[in-house]
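Both backbone and side-chain heavy atoms feed into the values below; hydrogens, waters and symmetry mates do not. What you see is a predicted model; the values in this text were computed from it and never measured. So that the names make sense, note that chain A is the first sequence line, chain B the second, and so on, each numbered from 1.
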4 protein chains.
Amino acid sequence: MSAMTPVKRQARAERTRAALLTAAREVFEERGFLDAKISEICERAGVAYGSFYTHFADKDAVFAELIDQMLNGLLTVMRAEPLNGDGPAARIARANRAYLRAYRDNARLMAVFEQVATFSPAMRDTYLRAWGVFYDRQERAIREWQQAGLVPDDVDPRTAAVALATMIGRTAYTWYVLGRPHDDGDVEQLTRLYCRAIGM
Amino acid sequence: MSAMTPVKRQARAERTRAALLTAAREVFEERGFLDAKISEICERAGVAYGSFYTHFADKDAVFAELIDQMLNGLLTVMRAEPLNGDGPAARIARANRAYLRAYRDNARLMAVFEQVATFSPAMRDTYLRAWGVFYDRQERAIREWQQAGLVPDDVDPRTAAVALATMIGRTAYTWYVLGRPHDDGDVEQLTRLYCRAIGM
Amino acid sequence: MSAMTPVKRQARAERTRAALLTAAREVFEERGFLDAKISEICERAGVAYGSFYTHFADKDAVFAELIDQMLNGLLTVMRAEPLNGDGPAARIARANRAYLRAYRDNARLMAVFEQVATFSPAMRDTYLRAWGVFYDRQERAIREWQQAGLVPDDVDPRTAAVALATMIGRTAYTWYVLGRPHDDGDVEQLTRLYCRAIGM
Amino acid sequence: MSAMTPVKRQARAERTRAALLTAAREVFEERGFLDAKISEICERAGVAYGSFYTHFADKDAVFAELIDQMLNGLLTVMRAEPLNGDGPAARIARANRAYLRAYRDNARLMAVFEQVATFSPAMRDTYLRAWGVFYDRQERAIREWQQAGLVPDDVDPRTAAVALATMIGRTAYTWYVLGRPHDDGDVEQLTRLYCRAIGM
DNA sequence: AATGAATGAGAGTTCATTCAT
DNA sequence: AATGAATGAACTCTCATTCAT
């Protein structure tokens, strides 16, 4: 008869859900998607096996939520970068640094994201959408610079944006997921390649 | 005469093996690595289930062999490109075109290669080794051009090679595996970005 | 009240587990270890295939548990025999009868135990440990009788215990597993041989 | 046209067969019956896989032949023991020693024999027949001694023979297969137990 | 909401035996 | 006789998901 108030019940559920998300991230990061077991997620969350399904439809659903969380975080970081200031080169440098830092901080989940995108159509869509956002930002910037006469007209803004975003994005993967050694000079070089590529 | 016998036997075995390889490639391409079933490979090869294991230790082994085949093919194509001729820009254009064409021709197996490299340590090694070859070629070229005074000294040949190879390589993935639309103009743009990036 | 819940759950699990154990014993007894199939155990237990693995790690694990159960039962029976009473000969007679009866009652599982002990190192250990207990009891008894002057000093208690336990134990196998015909007179003879062998 | 003479052909076949038998014994001894692979037997014999079936019907058949060989050897050894001489006790001692030595020399194949006898009806028959021979010899001896007044009439020759043969036989298994430590004194004790058991 | 036992489909791998040459 | 490739039946164990309590 000592039924909990709805609020309390919700609070409890929320805690369980949060514990599962945290645990899931750990497990996915350690094992990859394929070898991540729901049972292990529950164990780490200190939650009964079946409770997982009270909060998530299935394995894909938790994963999708984790990825959404992460991508929102990335987006927030990217948006926090001032779009203008001390000139285009500095802005490119800042954006690249911000991206690489954010990627590094999420590298292990990123690795799993890339993995799942290779076999799950749903995750591939998410993947393409995320890149789309990234492309768009860079395209807009190049277009601006072109209008300001800083970038030559023979540069196609969309193609350049896609190619250079790809270069930066995949370099992050190569560094932080595949573990290729690199240093601060490489970041600088990357920015220089970027600038020169679009004729700056 | 009696020397014929072993040859004949080998010939039959060789045929079976080849049939299995062909069938395996088809199945991997259609289903991806994870959903490829040995049974389906055997069916398509018109071979009994157990015969698979006469020729390959396991699923990973056939896959590895297919990838080796493909990578050797790629390498051959790349090596067939004349290293010099009508100037660096033309050479870069040719190399990029050759790479993109070769990638496109193997796109479906490439997709699976990228997939497996995300969860199989052995395949990840192969993957890194393959990229290493690609990087090396570009690094050598840039170094030559630098010595010829065509590329400024502030370009670090290795870093530039890695970044630009990554750009080209991942663009191929984006086009032929992820299906991003593109045209001949994009190839041209890509080459232009490449050239400008290293200051040519 | 709420303490009831876990108990109930355990109760259901306990029932399933017990059903599996019973079924497993039947199947092992009928088919031997090698031809016993998990699927048949589950069918007889009226339980889904996968449920087997909820309760046991594998085939070896159920088997080990059955053997432990049986050996504990044997030990209990042997310990129930009064260690003294109407003289050594009567005591030996009683012990032999008790052993043979207990063996007979478990003959079919014993047969499988002996089988598995021939190829499973783990079960061989169990086997040796079980015999060790049996040897020890007989050694202690002989030693006592020696101290009481009932058994000559030139009998080595350990060797005699091992040899005579072996004789009794293997006779049980011969009778109840291999099916050699025998009668009550044989039991009597066996006891007489035992007594005379140690000089009583 | 240089067809080999029948004799030569037979000789070659005989060599192959012998090589297979030797190899089979090795493999069975190292791996036990269940884990012995025909392929390994052929490899060791330096013979093609399929040739095995030119000489033996199946795995059981080679094994049976090896066991027959071994049992004939044992029988020969036992028969070589003089049935009389320096008195019954010495004869028992000699027979026991001979048996234990012969068992030890074949211990590893004996182990496999015991193993296979637990699951192969055919091998169980062979096993029982072999023991039958052993029982008979001992029964005959006891009967003689009884007629000579050396053994009391209340000893049942058959039962005593079976029990004591079992004791000796299983002790050999315990020593040489299970690896129980033992020394020459134990052999002596065994003989003493034997003699006393039948009232000598 | 939480619990945790029950479910069952699914596929890889082994290896004795056969058989075409 | 010898060769060695081809055959295919058989069975275990995993684990996401369901469901009764």
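For A:Lys59 and D:Thr16, each mapped to the nucleotide of DNA chain F holding its nearest heavy atom, the one lying further toward the 5' end belongs to D:Thr16. Mapping A:Ser39 and B:His55 onto DNA chain F via the closest heavy atom, the residue that lands nearer the 5' end is B:His55. Toward the 5′ end of DNA chain E lies the nearest nucleotide of C:Phe52, the other residue of the pair B:Asp58 and C:Phe52 mapping further downstream.
Evaluation of the side chain to side chain donor-acceptor pair (under 3.5 Å) rule for B:Tyr127 yields A:Arg170, B:Glu114, B:Trp131 as partners, not counting sequence neighbours.
The shortest side-chain heavy-atom distance between B:Phe113 and B:Leu71 falls under the 4.5 Å cut-off. Between A:Tyr173 and A:Met110 there is no side-chain heavy-atom pair separated by less than 4.5 Å.
Listed candidates were E:dA6, F:dA6, F:dT17. Nearest to the side chain of A:Tyr53 is F:dT17.
The two residues B:Leu20 and B:Val47 have their closest heavy-atom pair at CD2-CG1, 4.2 Å.
Within the structure, side-chain hydrogen bond (donor to acceptor under 3.5 Å, both in side chains) contacts touching residues 18-39 of chain A (residues at least two apart or in different chains) are A:Arg25-A:Glu29, A:Arg25-A:Asn106, A:Glu26-A:Arg44, A:Glu29-A:Arg108, A:Glu30-A:Arg44, A:Arg31-A:Glu40. For residues 46-69 of chain A, the pairs satisfying side-chain hydrogen bond (donor to acceptor under 3.5 Å, both in side chains) are A:Arg17-A:Glu65, with sequence neighbours left out.
With B:Ser120 contributing its side chain and B:Ala117 its backbone, the two residues share no donor-acceptor pair below 3.5 Å.
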Dot-bracket encoding per residue of DNA chain E, Watson-Crick/G-U cut-off under 3.5 Å, | denoting interstrand
.||||||||||||||||||||
Run the numbers on A:Phe56 and A:Ile38 for side chain to side chain contact (heavy atoms under 4.5 Å, CB included), then give the verdict.
CA-CA 11 Å; A:Phe56 303 98; A:Ile38 306 286; over 6 Å; no
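Contacts between residues 29-36 of chain B and DNA chain E, defined by a heavy-atom separation below 4.0 Å, involve B:Ala36, listed by number.
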Protein N or O to nucleotides 8-10 of chain E N or O, pairs below 3.5 Å:
from  : atom 1 : to      : atom 2 : distance (Å)
E:dG8 : N7     : C:Gly50 : N      : 2.7

